[in-house]
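Report on the structure given below.
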Amino acid sequence: MSEKKDKKKIYKPKPISGFPEWLPEYRAVELQWLDKIRAVFESYGFCSIETPAVEELEVIAAKGEDVDKEIYVLDRLQADEDNKKDARLALHFDQTVPLARYVAQHFDGLTFPFKRYQMQKVWRGERPQMGRMREFLQCDIDVINVDHLPIHFDAEVAAICYEALASLDIGRVQLRVSNRKILLGLLEALNIEDTIKVTSFIDKLEKIGRDEVERVLNEDVGLETDQISQILDLVTSKDLAAIDAKNDTMKEGVEELSFVMKQLETLPADAAIADLTIVRGLDYYTGTVYETQLLDVPEFTGSVCSGGRYDDLAGSYINKHLPGVGISIGFSRLFDVLRQNGKIEAGPSSPAKVLVVLPAEDQREAMNSVAQTLRKNGINTETAHGGKLKKQIAYAEKKGIPYVWFPADGQVKDMASGEQSDADPESWKP
RNA sequence: GCGGUCGUAGCUCAGUCGGUAGAGCACCUGGUUGUGGUCCAGGACGUCGCGGGUUCAAGUCCCGUCGAUCGCCCCA
C-alpha cells in the first residue's frame, strides 16, 4: 500500500490568491444557497442562460486603462508561429456585457421583454482582499426590452433580489435605491461638466465623510461653496417630495424613484430605502441604481447586490434600442465574508443520509439490495467500502451521515442518538 | 501600481543569547472476535518559501527574490 522510503518528488502547490475553493461541508451550503436563489428567480418567470467563459476581446472592449488591466486574456502556451497575433479572447469580467452580446446575437430567437437570470463565474485581475476575489460567482437578473422598458421592472428586479437574499436567512437585508437622473439633473442645472468626478466623490460620501467630500469637490473639481452645498443637500435629503426639481431630468428622476419606492412598499419595513448618495461608479447606468447592505453583518461594508437601469444595453452590437434593468448578487463575496465571520454553519461533508455497512463479505448482496431500495425511494445512500465494522461506522460519523444500516439484521442506527431499531427499507424514512 | 505584515510537518503555530527541529489538531495502527464520537499506547510526516552572503556553525543575522495576507488605487 504505502510506497517505501524512496522519496517521491512532489511539487508543493501554492495557494492561488483570489481563486477560492471550499471543503465539501461548505460547498454543500453553497449549493443549497444557489438552489434557493435560483428558485426565487424562476418563481418570477426568469429563464436561465449560460454564456461561454470567454468573449471576443472586441466585445469586452475596454472602456479605459483601469478596466483593461483587470481583463484576463486567453492564449495557448505554445501558439503557432503564424498565430502570434494579439490575444483575441478574454474571460468575461461581468455578465452584463455577455448578456448584451447574447441578446444582440439571438435577437430574432428571443421573446421580449427578455427576462433572464445567469449564475456564473466572472474573472477580474484585481488585488484580492477581504470579500474581493479574482474568480467569483455572480447571480444576475436582468430584463431587456425593445425601445421602451416600463419602470415597474425597476421595482420588480429589486424585489426579487431582496426575496432571494432574504431566503438565505442571513439577517436583515437593506436595499438602497436611487436614481441617477436626480443628481445628474442638478449638475446639469448647475452647469457642472465633470459629472464622473463628482459622482465618484459622492459615492465615497459614507466612507470619507461630508467634510472631506466638500474639500475634494472644492479643491479637485473646482466647485464653488454654493454648488457643493446644493449637491450635498440634495443627496442627503430624506424626503423625495421636498426636492425642488430644477429641470426635466431631475423631475423625471424624482418621479421614477418615487414610483419605484411606492412599488417596494410591499416589502418589510426598511427593506428598501431611497438613498440619493447611491450613484454607482458605472457610467452606463442612466436611471435607477441599487446597492444592498447586510444590516446584521457590520464587518461587511461593501454592497452584496447592486445594479441599475441602462438605456441602451447592446447599442454597440446591434442596431436596435434595447433598454434594460438588472441586479447582480455578488454571491462569492457574500458567501466568503459570511464564512470568514463564522456566520455560516458547515453542512455535512456527504449528501448521503444513510450508510449501509458490510459487517461480513457474505452480506454484500443484502447491502447492495438495501441501498438500491433506499435510493429508489429518494434517499441518498452510500454503501460501505469494507474494512472493520468500527471503521465503517467511524466513516459515517466523520462524513456526517446521520444513519447507519445493518443489512443482515434489518436495523438502522441513528448516529445522533445512538439508538438502533428495526426498519424496512421499503417504507423507512429518515 | 503603492504601503504594512508574514512565509517552520496536511492545518494552526512554538523554536530563548546563532550550535544542524518541536507541540496541538488531522492522518495511520492497536486496546481480541459485528457498532462511531471520549480515553490510552504506538506510528508516519519537514531541502525551516527560494537564491546568495557572514560564520567553525544559520530556521535564527544580512541582501535579494518569489509567494501569501491586510489596506490604498480601482471596482462593469
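Per chain, numbering begins at 1; letters A, B, ... match sequence-line order.
For the C1' atom pair drawn from B:C11 and B:G36, the interatomic distance equals 24 Å after rounding to whole Å. For the P atom pair drawn from B:C28 and B:G10, the interatomic distance equals 16 Å after rounding to whole Å. To the nearest whole angstrom, the two P atoms, one in B:U5 and one in B:C50, are 22 Å apart. Nucleotides B:U54 and B:C70 have their C1' atoms positioned 34 Å apart, rounded to a whole Å.
Using a 4.0 Å heavy-atom cutoff across all strands shown, A:K399 reaches no nucleic acid atom at all. Looking at heavy-atom distances under 4.0 Å, A:Q420 makes contact with a base.
Judged by distance alone, with hydrogens and angles left aside, the side-chain atoms of A:T292 form no donor-acceptor pair with the main-chain N or O of A:S306 at under 3.5 Å. Checked by atom type and distance alone, the side chain of A:R339 never pairs as donor or acceptor with a backbone atom of A:I344 at under 3.5 Å.
Ranking B:G34, B:G1, B:C28 by closeness to the A:P359 side chain, first place goes to B:G34. Proximity note for A:S17 (side chain, C-beta onward) versus B:U35, B:C75, B:U69: the nearest is B:U69. The side chain of A:L389 sits closest to B:U35 out of B:A68, B:C73, B:U35.
We find that CD1 of A:I208 is positioned 18 Å from P of B:G71, with the value rounded to whole Å. Rounded to an integer number of Å, the gap from CZ of A:R134 to P of B:U69 is 8 Å. Atom CD in A:E70 sits about 12 Å away from atom C1' in B:G1, given to the nearest Å. Counting to the nearest Å, the P atom of B:C75 and the CD atom of A:E135 are 23 Å from each other. Protein atom CZ of A:R127 is 11 Å distant from nucleotide atom C1' of B:G71, rounded to whole Å. Atom pair A:D94:CG and B:C74:C1' shows a separation of 15 Å (rounding to whole Å applied). Protein atom CZ of A:R124 is 16 Å distant from nucleotide atom C1' of B:C73, rounded to whole Å. Rounded to a whole Å, the CD atom of A:E25 is 13 Å from the C1' atom of B:C11.
Applying the Watson-Crick and G-U wobble criteria (two distances, each under 3.5 Å), B:U32 pairs with nothing in any strand. Within the shown strands, nothing qualifies as a pairing partner of B:G46 under the Watson-Crick or G-U definition with both distances less than 3.5 Å. With a 3.5 Å ceiling on both atom-pair distances, B:C17 lacks any Watson-Crick or G-U wobble partner. Nucleotide B:C2 has B:G71 as its partner under the Watson-Crick or G-U criteria, with both atom distances under 3.5 Å. Remark: B:G51 base-pairs with B:C63; criterion is Watson-Crick or G-U wobble with both hydrogen-bond distances under 3.5 Å. Across all strands shown, B:A26 remains unpaired; no Watson-Crick or G-U wobble contact has both distances below 3.5 Å.
Using a 4.0 Å cut-off between charged nitrogen and carboxylate oxygen, A:D336 and A:R333 do not count as a salt-bridge pair. Between A:K399 and A:E382 there is a salt bridge, since at least one side-chain N of the basic residue sits less than 4.0 Å from a carboxylate O of the acidic one.
Using the six-membered ring where Trp is involved, A:Y285 and A:Y310 have ring planes that are tilted, between 30° and 60° apart. Using the six-membered ring where Trp is involved, A:Y26 and A:F335 have ring planes that are perpendicular, over 60° apart on the 30 and 60° scheme. The aromatic rings of A:F114 and A:Y102 lie parallel to each other, with less than 30° between the two planes, well short of the 60° mark.
Mapping A:A408 and A:Q340 onto RNA chain B by nearest heavy atom places A:A408 closer to the 5' end of the strand.
Dashed line: the shortest gap from a side-chain N or O of A:K204 to OP1 or OP2 of B:C74 is under 4.0 Å. Residue A:K388 places none of its side-chain N or O atoms closer than 4.0 Å to OP1 or OP2 of B:U32.
A:E21 CD: 12 or fewer foreign heavy atoms inside a 6.0 Å radius.
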Show me the protein contacts with nucleotides 36-42 of chain B, counting only N or O atoms at under 3.5 Å.
{"residue": "B:G36", "atom": "N1", "partner": "A:M415", "partner atom": "O", "Å": "2.4"}
{"residue": "B:G36", "atom": "N2", "partner": "A:M415", "partner atom": "O", "Å": "3.0"}

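Two rings, from A:H385 and A:Y395, have their centers less than 6.0 Å apart.
For A:R132 against B:C74, a side-chain N or O and a base N or O form a donor-acceptor pair under 3.5 Å.
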